[in-house]
Amino acid sequence: MKRLSIIILTVLLFGSALAEAQKQYNLEDAIRVALENNYETRSKVMDIRKARAAVDEAYGYALPSVGVSTSFTHFLETPKMPFIDFKSMLSNSTYGVLFDEGVLPRDESKFLPMKSVLQSFTQANSYEAKISFSQVLFNSAVFRGIGASGIYMETSKVSLKSNIVKTVNNVRKAFNFVILSKSLLEITRASFENAQKNLGNVKALKEQGMVSEFDALQAEVQVENLRPVVLQMENTLKNAKEALKLTMAVPASEEIDVAGELKFAQETIPESEQAVTTAVKNNYDIQTLQYKQQVDDAIVALSRAEYWPQISAFGNYSFNGSSDNFDFQNYRSSMIGLNLSINLFSGMQTENRVAQGMIEVEKTGEQLNQLRHAVAMQVKMQINELDRIKSNIEAQERNVNLATRSYELSTIRYREGTGSQLEIQNADLSLRQAKTNLLQSYFDYSNAKNELQTLLGEIDPSYFQVYSNYLENKK
């Protein structure tokens, strides 16, 4: 009993570890994980954060600017400048008064020559503590910049939505391919097991002398022909899972599995013209390019803003002092004023910047027209593809039933001695091909439907909630 308990405990622990090592996802789980981990989506989120900072920066140019500065200066040698000799000027003025009043007899020799001498008007030590402010009263570039940054942020939001839609579509395609690979592997394994079972029956009949050695060899060849096909499908499934992990941005070391099946449900396929109208209006790539064109227009407006005058108010308040021996004489000063500047001529720089901006607007317009035409063409192609696949699915489902019945009859005929191994092989191949074609049609229909929804901008709004803090006006 003790040994049995140890074995049971070991099996339970091993089973638990295996379950943890391989994580199973359904489609919704896979989409949520991809939206949270996708590298490109994270990059788009960073673009929104950058755009928000740009909006705050643009508003900052319209707010007042306040600064504080302090300085202390000590001259090792005070600067000097040529100036009138005060000693000669004072002496000449004194003698002039005395001579004019008759106090002394005039003597021209008493007058000293008036020359310039180097004199210093600066004390060795000085300091200043100043607070200053400035406020833009009118600057077209500032106001245009605020608008441009807002448009840029909206562009980033639409770009994130576009990436979310594409990520959902990519996950669905990768997820469905894993399911397709699993289903095809199951079909191949079932065919391989049928071939092995048939080989066992043929060997038993051969031992009883009821079938020839040729039939036994044919049955064995069929088994060996299917063996590499099974291995190939197993490898295809592994690669499909790796592709899904890459799309979901989960670690490569994580073992995953999927839960689900390819289905087909009868539904109304939209009319081409109506679908094209919806796509041109709601397609997120088109919306992103439309916002990009608005950004280009805003840049042109920013360049034109250089033609307008700029008016700003400024002021400062300072506390100063100076001294030769640190016995400072202190004083205060303050001032306010207005500043007006107008660009009269800048070497045609502004004109050329405006011209370049207008060309960029026209270029974006051409890209937008091209994208609209491409989206319209892709919508029509996907609708045609859906119609084609939908018309074939019903016939392929009936073909699977016929192939299943044909395989059953071939095995019965062989057991009764009226059939051959070749009939069984052909029936098995037909059944496997019919099931494969049906699954491939389910897969193609699902992919075409997903592509059409992406083009039409149709998506479950709950997927946007993953990044609601960035898509809404929140900090």
Side-chain angles (χ1 to χ4, degrees), residues 31-32 34-59 144-173 247 249 270 274-302 357-358 360-379 382 449-475:
I31 291 175
R32 298 291 177 180
L35 291 178
E36 293 174 359
N37 297 341
N38 184 268
Y39 304 113
E40 188 173 354
T41 304
R42 288 182 176 180
S43 176
K44 298 297 182 182
V45 168
M46 293 178 187
D47 288 340
I48 293 180
R49 291 168 57 189
K50 179 181 177 181
R52 285 182 175 176
V55 171
D56 293 339
E57 179 187 8
Y59 275 105
R144 295 289 184 179
I146 293 174
S149 62
I151 297 172
Y152 174 68
M153 184 169 68
E154 292 302 319
T155 305
S156 301
K157 290 181 179 180
V158 175
S159 181
L160 174 59
K161 288 183 178 180
S162 176
N163 183 261
I164 290 174
V165 173
K166 291 178 182 178
T167 299
V168 171
N169 182 32
N170 291 336
V171 172
R172 284 174 175 167
K173 288 194 294 186
T247 306
Q274 180 183 358
V276 168
T277 302
T278 302
V280 171
K281 179 181 178 181
N282 298 333
N283 182 272
Y284 285 102
D285 286 340
I286 292 179
Q287 291 183 25
T288 300
L289 206 53
Q290 288 173 335
Y291 273 106
K292 196 263 184 184
Q293 190 175 39
Q294 294 182 34
V295 172
D296 294 338
D297 283 328
I299 292 175
V300 173
L302 276 173
M358 292 300 298
E360 191 65 27
V361 172
E362 294 176 4
K363 180 180 176 181
T364 303
E366 293 297 326
Q367 293 174 347
L368 189 56
N369 291 332
Q370 182 182 9
L371 180 60
R372 289 194 182 106
H373 291 145
V375 168
M377 182 188 66
Q378 292 173 22
V379 166
Q382 295 302 329
K449 180 181 175 182
N450 291 335
E451 289 290 344
L452 181 61
Q453 289 177 338
T454 300
L455 293 169
L456 297 177
E458 295 178 354
I459 186 174
D460 187 346
S462 64
Y463 294 141
F464 291 149
Q465 294 301 314
V466 178
Y467 294 100
S468 60
N469 289 339
Y470 299 98
L471 294 174
E472 299 173 4
N473 293 325
K474 296 179 181 179
K475 290 291 183 181

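Please read these numbers as outputs of a predicted model, since none were measured by experiment.
- Residues L452 and V379 are in side-chain contact: their nearest non-hydrogen atoms beyond the backbone lie under 4.5 Å apart.
- Smallest separation of non-hydrogen atoms from Q293 and L368: OE1-CD2, 3.8 Å.
- Looking at S462 and R32, their side chains come closer than 4.5 Å, going by heavy atoms from C-beta outward.
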Next item on the list: Test N163 against N38 for side-chain contact (heavy atoms from CB on, under 4.5 Å), laying out the working first.
Entry: CA-CA 10 Å; N163 183 261; N38 184 268; 3.9 Å; yes
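- Between the side chain of Y467 and the main chain of L35, a donor-acceptor pair closer than 3.5 Å is present.
- Closest heavy-atom contact between A148 and L302: CB-CD1, 4.3 Å.
- In this structure, the side chain to side chain contact (heavy atoms under 4.5 Å, CB included) partners of V158, at least two apart in sequence or on a different chain, are Y284, Q287, T288, Y291.
- The side chain to side chain contact (heavy atoms under 4.5 Å, CB included) check on A51 picks up Y152, M153, S156, with sequence neighbours excluded.
- Proximity of I48 to K44: side-chain heavy atoms (C-beta onward) are nowhere separated by under 4.5 Å.
- Between N369 atom CG and L289 atom CG the span is 9.5 Å, to the nearest 0.5 Å.
- Residues V300 and G357 approach most closely at CG2-C, 3.3 Å, considering heavy atoms.
- By the 6.0 Å and 45° rule, K161 stacks over the aromatic ring of F464.
- No side-chain donor-acceptor contact under 3.5 Å links S159 to the backbone of T155.
- A 6.0 Å sphere centred on CD of Q370 holds no more than 12 heavy atoms belonging to other residues, nucleotides or ligands.
- In this structure, Y470 and R49 have side chains that are in contact, with non-hydrogen atoms separated by less than 4.5 Å.
- Here salt bridge (Lys or Arg N to Asp or Glu O under 4.0 Å) pairs that include residues 283-300, with residues two or more places apart or in two chains, are K166-D285, K292-D296, K292-E360.
- Within the structure, salt bridge (Lys or Arg N to Asp or Glu O under 4.0 Å) contacts touching residues 449-471 (residues at least two apart or in different chains) are K173-E451, E267-K449.
- Each of T364, V361, I151, I299 was compared with Q294 under the side chain to side chain contact (heavy atoms under 4.5 Å, CB included) criterion, and only I151 meets it.
- K363 has no carboxylate O lying under 4.0 Å from a charged side-chain N of E366, or vice versa, which leaves the two without a salt bridge.
- In terms of heavy-atom proximity, A58 sits nearest to I146 at O-CG1, 3.6 Å.
- Residues passing the side chain to side chain contact (heavy atoms under 4.5 Å, CB included) test with R172, sequence neighbours excluded: L27, I31, V168, N450, Q453, Y463.
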Next item on the list: May I have the step-by-step check of side-chain contact (heavy atoms from CB on, under 4.5 Å) for L160 and D47, ending in yes or no?
Entry: CA-CA 9 Å; L160 174 59; D47 288 340; over 6 Å; no
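- Between V55 and G150, the closest heavy-atom pair is CG2-N, 3.9 Å.
- Applying the side chain to side chain contact (heavy atoms under 4.5 Å, CB included) rule to T454 yields the partners V165, N169; only residues at least two apart in sequence or on another chain are considered.
- A donor-acceptor pair under 3.5 Å is absent between the side-chain atoms of N283 and the main chain of G457, judged by distance alone.
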